[in-house]
Amino acid sequence: MPDIIRINDVSAWEDKEVVIEGWLYNKRSSGKLHFLQVRDGSGTIQCVVFQGDVSPDVFERASDLGQESSLRVMGTVRADARSSIGFEIGVSDIEIVHRAEDYPITPKEHGTAFLMDHRHLWLRSSRQHAILSVRAEIVKVCRDYYDNNGFTLVDAPIFTPSSCEGTSTLFETDYFDETAYLTQSGQLYMEAAAMAFGKVYCFGPTFRAEKSKTRRHLTEFWMIEPEVAYMDLSGNMDLAEDFICYVVQRVIETCRPELMALQRDLAPLQRVQKPFPRISYSDAHELLKDAGCDHTWGEDFGAEDETVLANAHDRPVIVHRYPSACKAFYMKGDPDDSQLALCMDVLAPEGYGEIVGGGQREDDLEVLRRKLAEHGLDEAPFQWYLDLRDYGSVPHSGFGLGIERTVAWICGLSHVRETIPFPRLLQRLYP
RNA sequence: UCCGGCGUAGCUCAGCUGGCAGAGCAAGUGGCUGUUAACCACUGGGUCGUAGGUUCGAGUCCUACCGCCGGAGCCA
C-alpha cells in the first residue's frame, strides 16, 4: 500500500502514489468526472475521479457519496495551476470507511443558532478550523513567552472556597458538606506562588456567572495570569506591553494562511509595537468628554467609552490609575492620590475592548484588612491570603489576559463564541 | 435584569390593506470530461413557535407564554 500522507505535506509527494485518510467536504460531478473535495484535518485537496482511469465500481462509489462520508483515497499527487493549493490527486481507488447521509451543515448559509446547536460538527468547517488553529497557536505562543522569560507555571485550583473579587457572580457547587465556587481568577493563588518562585503564571479556565449577553462575554473562558514579586505598576505595564507585542507579531508570522482565510487585515496588527500609549484614568475621562461622551468621573468605562479611547490611538492603549472605588479590594492605593488605585487595563484596538486587567497588589496587612471590611468581605476565607503579608511581604504586580478576546481581536471576529471549541454562554450549555 | 428585533419546508428566507402555503439551497431521479458555494431538467417535502381571542375566514390582527438574535449594565 502507498504511504498515508497528510494533505498539508502534499507538495513533498508530487507524482507519487499516496493515500489520504479523510472526509468528503464537498463534491461536484460532470458526467465522466467527479471532483471530491477531501479534508483530513490538516487541509483540503481536490481528488479527481475520471471514469476512464478507474474501474466502474470505483466510479460508481464516488458518485453517490454524502457530504462528510469518511473515506480513504488512493491516487497520484499532481501539480495543477487551477488548484488553490497547487496540487490535486488523480484518484485510482476509493475505500468508503463510513457512508454519511443528510449532513446538516450544507455548503450554503446557516444562522448562528443552528450552527451553535451543531457546534460539534461546525468545527469541521474551514472557517472554524482556521479560528481554532489560531487559538492553539496563541496559547502556545503565550506559554512560550513566559516559559522563555524565567516564569514558572503554577496551576491554580478550579474549586475555591471564596470569591477572588468579592462579587456575587460566582458559580456555586456542593463540596461534600461545604459550598465551593468555581474560580473567577487564579490571581490570589499566583500571589502566593510569586512569593515562592518570584515570577509565575497560570493558565486555565475561569468562570463568571454574569448575566452578560454581549459579543465579548462567555461564562467559561480561559485566562493567562502572570504575577511577579518586587514588580511595581510601571514594570507591570512594561510586561503586558512586551507580552502582547510578542504574541501578536509571532502569530501573524506563523498563522498567515489562517488569517488570510479569515480575511483579516494584517495592517492594524503589524502596528502592534512598543511603546503603547499610557494614559491615566483622569486623562481618559477628559479625552471622553472632549469626544462628546457623557462619562462621569469615578465610574468605570462602558463598551462605547472603551471603543472611543481605543480609536484615538493606532495600537493598544494602557489606561492606569482608576478610582479605587471601582476596583477590587486587593489593588494597592496610589501613594500620590488616595482616591486612585495602582491598576491598569489594556484596551485592544478596533473596538475589541479590554483584553488585560491587572495592577500592583496591596502588600500592607492592615490596609488589606481595612479594604476587605470596606468591601463587606469576611476575613476568614482570606486568612491564608493575609498570611502572605505577614511573612516577608513585598511589592508585587500581575495581570490577566483573556484568551478568547485576544483570539477574537487577532482573528478579527465579531463575537467570542467562535474563539473557543465549545462555548458556554448565558443561554448555552450544549453541546 | 432592562431595551429592541425575529420565530413559515432539513437550512436561509419571501408571503402587501385578513381570502388556495412560496422561492433558493439541501434530499431523490436523470443529464453533462475540468468543476471551484458547479450547472440544467424533473420529483418529494408544511400542526406557519405554543395557548387563547377577534372574524364568514388568521401565516397575516389582539393577548399571554416559550425560544432565539442584537444591544445595555457588569467584566477578561
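What you see below is based on every heavy atom in this structure, not just the backbone, and it leaves out hydrogens, waters and symmetry mates. Just so it is clear: chains get the letters A, B, ... in the order the sequence lines come, proteins before strands, and each one is counted from 1.
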One thing to verify: whether A/Glu418 and A/Arg127 come together as a salt bridge, which I'm taking to mean a side-chain N less than 4.0 angstrom from a carboxylate O.
yes

Each nucleotide in nucleotides 27-35 of chain B should get exactly one letter: B, S or -. Can you fill that in based on protein heavy atoms under 4.0 Å?
S----BBBB

Interatomic distance, A/Asn26 CG vs B/C39 P [rounded to whole Å]:
10 Å

Hey, do the aromatic rings of A/His320 and A/Tyr281 have their centres closer than 6.0 Å?
no

Spacing of the P atoms in B/G19 and B/G15 (rounded, Å)
13 Å

Decide yes or no, distance alone: a donor-acceptor N/O pair under 3.5 angstrom between the base of B/C74 and the side-chain of A/Thr169.
no

With rounding to the closest Å, how many angstrom separate the P atoms on B/C13 and B/C75?
35 Å

Pair A/Phe329 and A/Phe382, ring centroids less than 6.0 Å apart:
yes

Distance test, side-chain N/O of A/Arg417 to OP1/OP2 of B/G70, below 4.0 Å
yes

Are there any protein N/O atoms within less than 3.5 Å of an N/O atom in nucleotides 4-14 of chain B, and if so, which ones and at what distance?
{"unit_1": "B/C11", "atom_1": "O2'", "unit_2": "A/Glu109", "atom_2": "O", "d": "3.0"}
{"unit_1": "B/C11", "atom_1": "O2'", "unit_2": "A/His110", "atom_2": "ND1", "d": "2.6"}
{"unit_1": "B/U12", "atom_1": "OP1", "unit_2": "A/Gly111", "atom_2": "N", "d": "3.0"}
{"unit_1": "B/U12", "atom_1": "O2'", "unit_2": "A/Glu109", "atom_2": "OE1", "d": "3.4"}
{"unit_1": "B/U12", "atom_1": "O2'", "unit_2": "A/Glu109", "atom_2": "OE2", "d": "3.3"}

Under 4.0 Å from any atom of RNA chain B, heavy atoms only: list the residues of residues 295-325 of chain A that qualify, in numerical order.
A/Asp300, A/Gly302, A/Ala303, A/Glu306

Mate of B/C39 where both pairing distances stay under 3.5 Å, Watson-Crick or G-U:
B/G31

Whole angstrom is fine here: how far is it from CZ in A/Arg428 over to C1' in B/G67?
11 Å

Take atom CE of A/Met331 and atom P of B/C75, then tell me their distance rounded to the nearest Å.
11 Å

Among B/A37, B/G70, B/C68, the one nearest any side-chain atom of A/Gln427 is B/C68

Once you apply the 3.5 Å cut-off to both distances, tell me the Watson-Crick or G-U wobble partner of B/C13, or none.
B/G22

C1' atom, B/U8 versus B/G22: distance in rounded Å?
10 Å

Pair A/Asp345 + A/Lys327, salt bridge at N-O below 4.0 Å:
yes

Taking B/C25 as the reference, what is the distance to B/C66 when you measure between their P atoms (whole Å, please)?
39 Å

Quick test of your reading of the model: are A/Arg208 and A/Glu220 salt-bridged, counting only N-O distances below 4.0 Å?
no

Let me know the distance between CG of A/Leu425 and P of B/C68, rounded to the nearest Å.
11 Å

Charged N to carboxylate O below 4.0 Å: is that the case for A/Glu354 and A/Arg216?
no

Between B/U17 and B/C74, how far apart are the C1' atoms? Round to whole Å, please.
46 Å

Does any non-hydrogen side-chain atom of A/Leu239 lie less than 4.5 Å from one of A/Met231?
yes

Is B/C6 paired to anything, Watson-Crick or G-U wobble with both distances less than 3.5 Å, and if yes, which nucleotide?
B/G67

Hey, does the side chain of A/Arg264 reach the backbone of A/Trp409 with a donor-acceptor pair shorter than 3.5 angstrom?
yes

Salt bridge or not between A/Asp363 and A/Lys332? Use side-chain N to carboxylate O under 4.0 Å.
yes

Between B/A14 and B/G52, how far is it from one C1' atom to the other, in whole Å?
28 Å

Could you let me know what B/A72 is paired to, Watson-Crick or G-U wobble, both distances under 3.5 Å, or none if it's on its own?
B/U1

Which base, if any, makes a Watson-Crick or G-U wobble pair with B/U60, both distances under 3.5 Å?
none

Specify the separation, in whole Å, of atom CD of A/Glu68 and atom C1' of B/A26.
15 Å

Kindly say whether A/Lys371 contributes a backbone atom to a donor-acceptor pair with the side chain of A/Tyr330 at under 3.5 angstrom?
no

Provide the Watson-Crick or G-U wobble partner of B/U54, both distances under 3.5 Å; none if there is no partner.
none

Please classify the nucleic acid contact of A/Leu218 as base, sugar-phosphate, or nothing, using heavy-atom distances under 4.0 Å.
base

Going by atom types alone, do A/Glu191 and A/His396 pair a side-chain donor with an acceptor below 3.5 Å?
yes

Under 4.0 Å, heavy atoms only, any strand: does A/Ser84 hit a base, just the sugar-phosphate, or nothing?
nothing

Please answer whether the main-chain N or O of A/Tyr430 pairs with a side-chain N or O of A/Arg428 as donor and acceptor at a distance below 3.5 Å.
yes

Which value, in whole Å, describes the distance between the C1' atoms of nucleotides B/G24 and B/A37?
13 Å

Give the rounded distance in Å between these two atoms: CD of A/Glu210 and P of B/A76.
8 Å

Hydrogens and angles aside, do A/Asp242 and A/Tyr145 bring a side-chain donor and acceptor to less than 3.5 Å of each other?
yes

Whole angstrom is fine here: how far is it from CD1 in A/Ile105 over to C1' in B/A37?
15 Å

Just wondering, more than 12 heavy atoms not from A/Asp294 lying within 6.0 Å of its CG?
no

Euclidean distance for C1', B/A58 against B/A21 (whole angstrom):
13 Å

Looking at every strand, decide which applies to A/Val356 at a 4.0 Å heavy-atom threshold: base, sugar-phosphate, or nothing.
sugar-phosphate

Write down the distance between OH (A/Tyr352) and P (B/C75), rounded to a whole number of angstrom.
22 Å

Within the 4.0 Å heavy-atom criterion, would you say A/His415 contacts the bases, only the backbone, or no part of the nucleic acid?
sugar-phosphate

